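Read through the structure below, which is laid out as structure tokens, and then see the notes.
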Amino acid sequence: MTTGLFISFEGIDGAGKSSHIEGLAQAFRDQGRVVTLTREPGGTPLAEKLRALMLHDAMDPLTEALIAFAARRDHLVQVIEPALARGEVVISDRFTDATFAYQGGGRGFDWETLQILEKIVLTWQNGSQAHAYGLLQPDLILWFDVPAATAAVRLSGVRAPDKFEAQSAEFFEQVNGGYARRAAENPYRFVRIDAAQPVENVRQQVITAIRSRGWL
């Protein structure tokens with residue numbers, strides 16, 4: 001059976017990552033792979049309910065983190081683990097690194113507490129594809145790095161903002177800092193994409209990152 005592959009797209013709101021997820025999925029489909037597209041928070045009926053609470057209801061950073069990891073656990077058990085066991089390519093619009101970036105970087109919540117929650121939630125019981133530290137992590141994280149001001153311009157007038165999208169540029173710079181810290185801690189899994197470039201240049205960066213690993 002073909003080995004499952006797990007890729008996540010990360011970046012602040014307005015980074016442009018969503019525009020490239022379907023393109024990468026189609027590239028894998030063209031090679032005969034089955035692709036599961038999903039997102040976080042969300043990906044299951046339960047996780048989508050938790051997403052709505054997290055994006056719109058007021059709560060403290062610990063509550064946000066707990067909701068994010070609860071949704072993630074259901075997502076992992078119901079969608080990600082089974083798809084990888086079937087040998088599929090799983091592409092997720094955000095995963096665990098978003099919690100470190102938004103709650104850890106943006107909210108300033110304790111990094112070590114997030115690491116504890118991560119270890120509890122991402123322990124993969126199956127074990128057949130256990131990753132570093134016995135946790136189920138993406139094989140590759142494509143981090144769409146873009147200045148907060150650029151992202152804000154892209155989001156302007158697109159839709160009514162949720163409570164995160166309505167945050168200040170300073171908040172999003174702190175989120176970017178959280179992503180940078182996470183990337184420094186996991187350099188073997190992260191690839192930084194210069195998302196301020198034109199769309200075609202960004203697409204080429206994504207394809208190059210995948211091809212460099214022999215996946216396309």
Side-chain angles (χ1 to χ4, degrees), residues 8-21 38-43 47-76 92-122 135 137-138 141-187 189-196 202:
S8 66
F9 280 62
E10 294 286 354
I12 63 174
D13 299 281
K17 56 189 171 53
S18 300
S19 303
H20 298 276
I21 290 175
T38 190
R39 70 172 182 176
E40 287 210 352
E48 290 292 334
K49 293 176 184 177
L50 295 174
R51 174 190 178 92
L53 293 174
M54 187 175 173
L55 295 188
H56 301 290
D57 290 15
M59 59 190 73
D60 76 348
L62 174 56
T63 304
E64 283 183 357
L66 290 171
I67 288 178
F69 275 111
R72 183 164 298 126
R73 181 62 190 176
D74 193 60
H75 187 208
L76 192 67
S92 184
D93 186 347
R94 297 200 174 109
F95 193 60
T96 305
D97 302 287
T99 304
F100 282 85
Y102 277 79
Q103 279 68 52
R107 300 295 197 206
F109 188 68
D110 183 66
W111 203 263
E112 291 184 359
T113 300
L114 293 177
Q115 290 174 324
I116 292 170
L117 292 172
E118 177 184 43
K119 289 179 181 179
I120 293 170
V121 169
L122 299 192
L135 306 182
Q137 297 279 19
I141 299 151
L142 297 171
W143 170 31
F144 279 53
D145 187 17
V146 65
T150 301
V153 170
R154 292 175 178 176
L155 283 176
S156 179
V158 173
R159 59 180 178 269
D162 60 42
K163 76 177 189 184
F164 290 102
E165 293 170 338
Q167 294 291 322
S168 67
E170 180 182 3
F171 173 84
F172 283 110
E173 289 299 348
Q174 292 170 339
V175 173
N176 272 336
Y179 276 124
R181 178 175 176 180
R182 190 72 166 162
E185 292 175 347
N186 302 275
R189 292 194 295 115
F190 266 82
V191 169
R192 178 186 174 274
I193 303 296
D194 183 356
V202 174

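Please read these numbers as outputs of a predicted model, since none were measured by experiment.
Rounding to the nearest 0.5 Å places OG1 of T63 at 10.5 Å from CD of Q103. Note that the OG atom of S8 and the CH2 atom of W143 stand 13.0 Å from one another [nearest 0.5 Å]. Atom CD1 of I193 and atom CD of E10 lie 12.5 Å apart (nearest 0.5 Å). In this structure, the separation between CZ on R181 and CG on D97 is 13.0 Å, given to the nearest 0.5 Å. Atom-to-atom distance recorded for I116:CD1 and D110:CG is 7.5 Å, nearest 0.5 angstrom.
Side-chain atoms of Q137 and L122, non-hydrogen and from C-beta on, do get closer than 4.5 Å to each other. Counting heavy atoms from C-beta outward, P41 and L50 have side chains that stay 4.5 Å or more apart. Considering only heavy atoms from C-beta on, R94 comes within 4.5 Å of Y102 through its side chain. F95 places none of its side-chain heavy atoms less than 4.5 Å from the side chain of T38. Two residues are said to be in side-chain contact when any heavy atoms from C-beta on lie closer than 4.5 Å; M59 and I67 meet this criterion.
Judged purely by atom type and a 3.5 angstrom limit, R154 uses its side chain to pair as donor or acceptor with the backbone of G14. Of the possible donor and acceptor atoms, none in the side chain of Q174 sits under 3.5 Å from a partner among the backbone N and O of G108. Between the side chain of N186 and the backbone N or O of R189, no donor-acceptor pair lies under 3.5 Å. The backbone N or O of F172 sits nowhere less than 3.5 Å from a side-chain atom of Q167 that would complete a donor-acceptor pair.
Smallest separation of non-hydrogen atoms from L55 and D162: O-CB, 3.6 Å. Smallest separation of non-hydrogen atoms from M54 and A68: CE-CB, 3.7 Å. A15 and A195 make their closest contact through O-CB, 3.4 Å (heavy atoms, listed as atom of the first residue, atom of the second, distance). Across every non-hydrogen atom of G42 and A47, the tightest pair is O-CB, 3.4 Å. H75 and S92 get closest at one heavy-atom pair: CE1-OG, 4.0 Å. The shortest heavy-atom contact between I12 and V146 is CD1-O, 3.8 Å.
Crowding of K163 atom NZ: a count of heavy atoms from other residues, nucleotides or ligands under 6.0 Å exceeding 12.
The aromatic rings of H20 and F144 sit tilted, their planes meeting at an angle between 30° and 60°. Classification of the F100-F69 ring pair by plane angle, with boundaries at 30° and 60°, yields perpendicular.
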Handout entry: Step-by-step side-chain contact (heavy atoms from CB on, under 4.5 Å) determination, L142 to K17
Key = CA-CA 9 Å; L142 297 171; K17 56 189 171 53; over 6 Å; no

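Within the cation-pi definition used here (under 6.0 Å to the ring centroid, within 45° of the axis), R182 does not qualify as a partner of Y179.
When each of E64, R72, E40 is checked for a side chain to side chain donor-acceptor pair (under 3.5 Å) with T99, only R72 meets the rule.
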